Amino acid sequence: MSVESDSSQVHTLISGSGFPTFPVAPGYRVNVRNGPGTNYAVVRVLPLGASVGIRCQCEGTNVSGPYGTTTIWDNIGNGEYISDAYVKTGSDGYITSRCG
């Protein structure tokens with residue numbers, strides 16, 4: 001595993017995944033949902049200290065978290081989404097391609 005960091009962004013590239021991986025806010029166990037919104041079912045919960053690979057991003061319900069308030073949701077797996085408000089991407093906007 002290689003780690004790259006600077007003052008504005010921290011991410012990891014997990015070998016073989018091809019997706020940039022970013023840390024989830026410290027101290028949070030984040031719900032992973034089967035769609036981009038709080039109205040979708042929780043499919044699992046990320047453990048404390050987790051990092052996630054972001055495949056693509058899309059608009060969903062508005063969520064407030066430790067990294068601000070946003071409608072951006074990160075696709076982290078097949079049918080798995082978390083609010084970008086809980087992911088340290090170093091940006092308030094989109095950092096990868098849009099889903100769809």
Side-chain angles (χ1 to χ4, degrees):
M1 198 182 308
S2 67
V3 177
E4 300 174 24
S5 67
D6 63 32
S7 61
S8 65
Q9 183 175 359
V10 176
H11 68 273
T12 305
L13 294 177
I14 296 178
S15 97
S17 77
F19 298 107
T21 303
F22 300 89
V24 173
Y28 289 88
R29 296 182 73 231
V30 178
N31 289 333
V32 178
R33 297 180 179 272
N34 66 358
T38 55
N39 55 319
Y40 289 89
V42 174
V43 295
R44 65 184 174 112
V45 178
L46 296 175
L48 294 173
S51 289
V52 293
I54 300 176
R55 295 177 172 201
C56 59
Q57 295 175 301
C58 60
E59 190 168 339
T61 57
N62 199 42
V63 173
S64 293
Y67 298 121
T69 300
T70 186
T71 59
I72 298 174
W73 284 71
D74 303 331
N75 176 266
I76 63 166
N78 189 19
E80 295 186 330
Y81 295 83
I82 62 171
S83 172
D84 197 60
Y86 289 90
V87 182
K88 186 176 184 178
T89 62
S91 173
D92 289 337
Y94 288 86
I95 53 96
T96 190
S97 62
R98 301 240 180 158
C99 302

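As the structure is a computational prediction, the values presented were derived from the model and not from experiment.
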Q: Distance from Phe22 atom CZ to Ile95 atom CD1, nearest 0.5 Å?
A: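 If we round to the nearest 0.5 Å, Phe22:CZ and Ile95:CD1 are 4.0 Å apart.
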Q: According to a 4.5 Å side-chain heavy-atom criterion applied to Ile, Leu, Val, Met, Phe, Trp and Tyr, with indirect links allowed, do Ile54 and Leu46 form part of one hydrophobic cluster?
A: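 Per the 4.5 Å side-chain linkage, Ile54 and Leu46 are co-clustered.
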Q: For Ala41, is there any backbone N or O sitting under 3.5 Å from a side-chain donor or acceptor partner on Asn34?
A: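 Checked: pair present.
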Q: Any idea which heavy atoms bring Gly68 and Ala85 closest together, and the distance?
A: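 Here Gly68 and Ala85 meet closest at O-CB, 3.4 Å.
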Q: Of all heavy-atom pairs between Glu80 and Val32, which one has the smallest distance, and what is that distance?
A: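 Nearest heavy atoms, Glu80 then Val32: CB-CG1, 3.5 Å.
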Q: First locate atom SG of Cys56, then atom CZ of Phe19, and finally report the distance between them rounded to the nearest 0.5 Å.
A: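 Rounded to the nearest 0.5 Å, the SG-CZ separation comes to 8.0 Å.
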Q: Mind checking whether Ile82 and Tyr28 sit in one hydrophobic cluster, side chains of I, L, V, M, F, W, Y counted as touching below 4.5 Å?
A: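 Cluster IDs for Ile82 and Tyr28 match.
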Q: So if you build clusters from Ile, Leu, Val, Met, Phe, Trp, Tyr with side-chain heavy-atom gaps below 4.5 Å, do Val87 and Val42 land together?
A: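 Unlinked, Val87 and Val42 end up in two clusters.
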Q: Can you measure from OG1 (Thr70) to OH (Tyr94) and round to the nearest 0.5 angstrom?
A: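 Answer rounded to 0.5 Å: 7.5 Å.
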Q: Nearest 0.5 angstrom please: Ile72 CD1 to Asn62 CG, how far?
A: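 CG of Asn62 is found 10.5 Å from CD1 of Ile72.
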Q: If I compare all heavy atoms of Tyr67 with all of Ala25, which pair ends up nearest, and what's the gap?
A: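 Reported closest heavy-atom pair: CE1-CB, 3.5 Å.
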Q: Please answer whether the main-chain N or O of Ser51 pairs with a side-chain N or O of Thr21 as donor and acceptor at a distance below 3.5 Å.
A: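 Flag not set: sc Thr21 to bb Ser51 has no pair under 3.5 Å.
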Q: State, to 0.1 Å, how close Thr96 and Arg55 come at their nearest heavy-atom pair, and which atoms those are.
A: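 What the structure gives for the nearest pair is OG1-O, 4.1 Å.
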Q: Out of curiosity, Asp74 CG to Ser83 OG, how far, rounded to the nearest 0.5 Å?
A: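 Going from the CG atom of Asp74 to the OG atom of Ser83 covers 7.5 Å.
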Q: Can you check whether Cys58 and Cys99 have SGs under 2.5 Å apart?
A: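 No, no disulfide: SG-SG not under 2.5 Å.
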Q: Within this structure, what is the CH2-CD1 distance for the pair Trp73 and Ile76, rounded to the nearest 0.5 Å?
A: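 Output value for this atom pair is 10.5 Å.
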Q: Do the side chains of Tyr86 and Val63 get nearer than 4.5 Å, heavy atoms only?
A: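 SC-SC contact between Val63 and Tyr86 confirmed.
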Q: Is there a path of hydrophobic side-chain contacts, each under 4.5 Å between heavy atoms of I/L/V/M/F/W/Y residues, joining Leu48 to Val30?
A: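 No: no chain of side-chain contacts under 4.5 Å links Val30 to Leu48.
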Q: Arg33 side chain to Asn39 main-chain N or O, any donor-acceptor pair under 3.5 Å?
A: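 Flag not set: sc Arg33 to bb Asn39 has no pair under 3.5 Å.
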